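Computed from a prediction, not measured in an experiment: that's the story for all the values here.
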Amino acid sequence: MNTQTPMIDVRQIRKAYGVHEVLKGIDLSVNKGKIVSIIGPSGSGKSTLLRSINMLEDVSSGEIWLDGKQVNRPLKGRQFENHINHIRQEMGMVFQQFNLFPHLTVLQNIMIGPIRLRKLNRAEALDRAQTLLSKVGLSDKGNAYPARLSGGQKQRVAIARALAMQPKVMLFDEATSALDPELVEEVNQVMKQLAAEHMTMLIVTHEMRFAAEVSDQVIFMDGGVVIEQGAPKDVLSNPVEERTRAFLRKHLSH
């Protein structure tokens, strides 16, 4: 791959619900192996941006590219479905809610995607699932059902499930916001490990310290636009824009 081609490239993305414009011409690029965190107040468009990149939201205009291929190509019918299914295999996404299948064990939850979509045989899928469970610190939970897990454990299983597809990028949408405070760190540790392994990641987060620790770049969004972006030390410790400063004052005072 040409190292100059961003792994994720968002060009002038706009998204409106009726007359309400949620994204107002967003530009964003993430190079391979880089970690970019998006911060900002509720309603600023952060989650909508992330969901648009994965085509869970249709954008009104603009282009989204993954590793040199346009994600939101104007296709119809079966062509569109095939294209979207292929794209989503290349993007792992972890949501606030865990979305695990309650009737499947932890191992079965992780194996189902590689078997159905990547056409792995059961032995290969099982081996991959067990390796990933060990990676997220849950090697003893393979035969458990989601109802028996804590929120932090469920979220770590959700991360393992996304990684089982061997995606090119990982998208995290407030992955720890639904967790009790004492469970947040165990999920953050897994994300820090992925960062150390140079997994390309785009992370929507409300945790400033975590963003400062793992990110190559921090983006501050408000009102559907990018207000400020740069290295974590610049955006979080010495922001230029008053809106960024006001947000951080409010957020860091808690």
Side-chain angles (χ1 to χ4, degrees), residues 4-16 21-57 59-67 71-72 91-96 167-177 187-188 191-192 194-195 198-252 254:
Q4 298 308 304
T5 302
M7 185 57 81
I8 300 172
D9 198 14
V10 171
R11 306 172 187 172
Q12 281 296 297
I13 285 298
R14 292 181 177 273
K15 169 68 179 176
E21 197 169 33
V22 184
L23 301 176
K24 304 173 182 176
I26 299 286
D27 289 307
L28 164 71
S29 67
V30 184
N31 286 332
K32 185 178 183 187
K34 298 299 183 184
I35 294 93
V36 176
S37 290
I38 305 174
I39 62 170
S42 295
S44 59
K46 309 183 300 293
S47 291
T48 303
L49 174 60
L50 217 61
R51 291 171 63 84
S52 298
I53 289 171
N54 203 19
M55 291 291 284
L56 292 169
E57 300 273 2
V59 296
S60 308
S61 63
E63 295 179 356
I64 302 160
W65 293 75
L66 172 70
D67 197 15
V71 174
N72 62 329
M91 291 192 203
M93 187 149 183
V94 179
F95 302 88
Q96 293 179 33
K168 291 181 176 178
V169 304
M170 287 287 286
L171 309 175
F172 292 91
D173 186 11
E174 298 274 20
T176 57
S177 67
V187 176
N188 283 346
M191 293 167 69
K192 287 175 186 174
L194 293 177
H198 303 292
M199 164 63 81
T200 309
M201 295 196 283
L202 189 55
I203 303 168
V204 170
T205 183
H206 61 284
E207 295 181 70
M208 301 305 125
R209 187 177 300 146
F210 176 73
E213 285 179 21
V214 304
S215 309
D216 296 294
Q217 185 178 30
V218 172
I219 291 172
F220 172 64
M221 282 181 67
D222 193 10
V225 296
V226 172
I227 303 295
E228 190 161 352
Q229 59 184 308
K233 62 179 174 45
D234 296 330
V235 175
L236 298 174
S237 303
N238 192 25
V240 174
E241 300 295 331
E242 174 53 35
R243 278 163 84 181
T244 315
R245 289 198 292 270
F247 170 77
L248 290 172
R249 274 197 302 272
K250 183 177 176 185
H251 220 88
L252 298 175
H254 291 299

Test log, rule side chain to side chain contact (heavy atoms under 4.5 Å, CB included), inputs V10 and W65: CA-CA 6 Å; V10 171; W65 293 75; over 6 Å; no

Between I38 and L49, does a side chain to side chain contact (heavy atoms under 4.5 Å, CB included) hold up when you go through it step by step? CA-CA 10 Å; I38 305 174; L49 174 60; 3.9 Å; yes

Begin with the C-alpha distance, continue with both residues' side-chain angles, and end with the deciding distance and a verdict on side chain to side chain donor-acceptor pair (under 3.5 Å) for Q12 and D27. CA-CA 5 Å; Q12 281 296 297; D27 289 307; 2.9 Å; yes

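Proximity of N188 to M191: side-chain heavy atoms (C-beta onward) are separated by under 4.5 Å at one or more points. Side-chain contact between L194 and M201 is present, with at least one heavy-atom pair separated by less than 4.5 Å. The shortest distance between side-chain heavy atoms of F210 and V187 does not fall below 4.5 Å. In this structure, L23 and M221 have side chains that are in contact, with non-hydrogen atoms separated by less than 4.5 Å. Between S215 and V36, the closest side-chain pair of non-hydrogen atoms is not below 4.5 Å. Side-chain contact between M170 and T200: absent, with no pair of heavy atoms (C-beta onward) separated by less than 4.5 Å. Side-chain contact between L171 and V94 is absent, with no heavy-atom pair separated by less than 4.5 Å.
Salt-bridge annotation for E21 and K24: absent, with no side-chain N of the basic residue lying under 4.0 Å from a carboxylate O of the acidic one.
Shown here for A195 and V214, the closest heavy-atom pair between the two residues is CB-CB, 4.3 Å. Summarising the geometry of L50 relative to F172, their closest heavy-atom pair is CD2-O, 3.3 Å, with the distance given to 0.1 Å. The shortest heavy-atom contact between G45 and V22 is CA-CG1, 4.0 Å. The nearest pair of heavy atoms linking P167 to G92 is CB-N, 3.4 Å.
Contacts classified as salt bridge (Lys or Arg N to Asp or Glu O under 4.0 Å) and involving residues 204-214 (residues at least two apart or in different chains) are given here: K192-E213. Counting only residues at least two apart or in different chains, side-chain hydrogen bond (donor to acceptor under 3.5 Å, both in side chains) contacts with residues 229-239 comprise Q217-Q229.
Among V226, L202, I64, the single residue meeting the side chain to side chain contact (heavy atoms under 4.5 Å, CB included) criterion with L28 is L202.
At distances below 3.5 Å, not a single donor-acceptor pair connects side-chain atoms of H206 with backbone N or O atoms of E174. One N or O on the side chain of N72 and one on the backbone of G62 form a donor-acceptor pair closer than 3.5 Å. Looking at R243, its side chain never comes within 3.5 Å of a backbone N or O of I227 through a donor-acceptor pair. Looking at S60, its side chain does come within 3.5 Å of a backbone N or O of A16 through a donor-acceptor pair. Side-chain N or O atoms of E228 include one that pairs as donor or acceptor with a backbone N or O of V240 at under 3.5 Å. A donor-acceptor pair under 3.5 Å is formed between the side chain of K46 and the backbone N or O of P41. Side chain of D216 to main chain of K34: no donor-acceptor pair is present (N/O by atom type, distance under 3.5 Å, no hydrogens or angles).
In this structure, OG1 in T205 is found 10.0 Å from CG in D173, a value given to the nearest 0.5 Å. The CZ atom of F220 lies 5.0 Å from the OG1 atom of T244; values are rounded to the nearest 0.5 Å. Between atom CE of residue M91 and atom CD1 of residue I53 there is a gap of 7.0 Å, rounded to the nearest 0.5 Å. The line from CE of M93 to CE of M55 is 13.0 Å long, rounded to the nearest 0.5 Å. Atom OG in S52 sits 6.5 Å away from atom CD1 in I13 (nearest 0.5 Å). In this structure, D67 CG and M7 CE are separated by 4.5 Å, a value rounded to the nearest 0.5 Å.
For the residue pair S44/D222, the side-chain donor-acceptor check at 3.5 Å is not satisfied.
Contacts of D9 classified as side chain to side chain donor-acceptor pair (under 3.5 Å), with partners at least two apart in sequence or in another chain: R11.
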